Amino acid sequence: SNHQVKLCDMKSGGDTHTLRGHTAAVNNVIWSNRNAYALISAGRDGKIIMWDIRRSNAAVHYFDQFNGKSEKAHNGSVTSLSQTEGGIFLLSSGQDEQVRCWDMTNGENTFTNFGSAACPDVKSVGATGS
């Protein structure tokens, strides 16, 4: 199903892990700059999930726009993920026209106000060093 993240063995081409936690299509997947075993995914369900690929129950953190009241990072699809150099912050944008900055040391929304991301020519947000 397209709302799962599948990890593959590059030599055999076979699946090694299936990460389940999204309820809609996954739009973005990036490796953490801070942890070689951490993968971050974003989906149309508004969720951003951090996974520890060494664990059988791999989801270790759901990024929550309210820091504890939901499992949603955005109201609507998450359209972009990017990390700052060194991986201290994760930036996300969504169809809710919000850009969010996440503190990767604790996984919390920093509530930095970037204003509206409603620009018809901009499809994603980027950070230096990602």
Side-chain angles (χ1 to χ4, degrees):
S1 155
N2 68 352
H3 55 270
Q4 300 171 351
V5 176
K6 293 193 179 219
L7 302 181
C8 300
D9 181 313
M10 295 302 289
K11 288 183 181 175
S12 72
D15 294 347
T16 62
H17 291 69
T18 300
L19 307 176
R20 295 175 178 89
H22 287 283
T23 56
V26 176
N27 294 334
N28 295 278
V29 178
I30 60 173
W31 288 104
S32 168
N33 288 346
R34 293 177 53 86
N35 180 337
Y37 301 103
L39 190 68
I40 305 161
S41 62
R44 290 185 182 168
D45 55 7
K47 294 179 183 178
I48 299 173
I49 305 173
M50 185 180 317
W51 311 88
D52 182 338
I53 63 164
R54 299 169 297 182
R55 297 173 47 157
S56 60
N57 184 13
V60 293
H61 185 73
Y62 287 81
F63 291 82
D64 173 13
Q65 63 185 316
F66 303 112
N67 291 336
K69 298 183 174 107
S70 77
E71 288 186 346
K72 296 231 179 184
H74 286 272
N75 297 319
S77 182
V78 182
T79 56
S80 180
L81 290 177
S82 187
Q83 297 172 82
T84 57
E85 191 169 338
I88 300 297
F89 295 102
L90 174 71
L91 300 172
S92 65
S93 63
Q95 283 185 330
D96 57 4
E97 299 180 357
Q98 297 298 309
V99 175
R100 293 206 164 81
C101 180
W102 306 91
D103 182 333
M104 294 301 288
T105 63
N106 59 18
E108 292 190 350
N109 185 355
T110 65
F111 295 106
T112 302
N113 185 359
F114 294 104
S116 175
C119 180
D121 297 328
V122 177
K123 301 298 182 204
S124 65
V125 62
T128 303
S130 60

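The model shown is predicted, which means the values in this text are computed figures rather than measured ones.
A distance of 9.5 Å separates CG in L7 from CH2 in W51, rounded to the nearest 0.5 Å. A distance of 4.5 Å separates NZ in K6 from CG in D15, rounded to the nearest 0.5 Å. To the nearest 0.5 Å, atoms CD1 (I40) and NE2 (H61) are separated by 10.0 Å. In this structure, OG in S93 is found 8.0 Å from CG in N28, a value given to the nearest 0.5 Å. Remark: L90 CG to S82 OG distance equals 8.0 Å, nearest 0.5 Å. N75 contributes atom CG, which lies 11.5 Å from atom CD of E97 (distance to the nearest 0.5 angstrom).
Without hydrogens or angle criteria, E108 side chain to G68 main chain gives no donor-acceptor distance under 3.5 Å. For the pair D64 (side chain) and S70 (backbone), a donor-acceptor distance under 3.5 Å is present.
Counting heavy atoms from C-beta outward, S77 and N27 have side chains that approach closer than 4.5 Å. For the pair Q95/T79, a side-chain contact is recorded, criterion being any heavy-atom separation below 4.5 Å from C-beta on.
Remark: D103 pairs with no residue by the salt bridge (charged side-chain N to carboxylate O under 4.0 Å, His left out) rule, at least two apart or across chains. The salt bridge (charged side-chain N to carboxylate O under 4.0 Å, His left out) search around D96 returns R100, not counting sequence neighbours. Under the rule for a side-chain hydrogen bond (donor to acceptor under 3.5 Å, both in side chains), S32 has no partner lying at least two apart in sequence or in another chain. Under the side-chain hydrogen bond (donor to acceptor under 3.5 Å, both in side chains) criterion, T110 pairs with T112, sequence neighbours left out.
Nearest approach of M50 to A38, heavy atoms of both residues: SD-CB, 4.0 Å. Looking at every heavy atom in both residues, S41 comes nearest to V29 through CB-CG2, 4.2 Å. The two residues C101 and N109 come nearest to each other via the heavy atoms O-OD1, 3.6 Å. The shortest non-hydrogen separation linking I48 to A42 is CG1-CB, 4.2 Å. In plain terms, the two heavy atoms of W102 and S92 that are nearest each other are NE1-OG, 2.9 Å.
Sorted by first then second residue, the salt bridge (charged side-chain N to carboxylate O under 4.0 Å, His left out) pairs that include residues 31-53, not counting sequence neighbours, are K47-E71, D52-R54. Residue pairs satisfying the ring-ring contact (aromatic ring centres under 6.0 Å, His included) criterion with at least one member in residues 70-89, sequence neighbours excluded, are absent.
Each of M104 and F66 belongs to its own hydrophobic cluster when Ile, Leu, Val, Met, Phe, Trp and Tyr are linked at side-chain heavy-atom distances under 4.5 angstrom. Following chains of ILVMFWY side-chain contacts shorter than 4.5 Å, one can reach V26 starting from W31, so the two form part of one hydrophobic cluster. V60 and F63 fall within the same hydrophobic cluster, where Ile, Leu, Val, Met, Phe, Trp and Tyr residues are linked whenever their side-chain heavy atoms come under 4.5 Å apart, directly or through other members.
Test I53, I49, L19 against V5 for side-chain contact (heavy atoms from CB on, under 4.5 Å) and you get one pass: L19.
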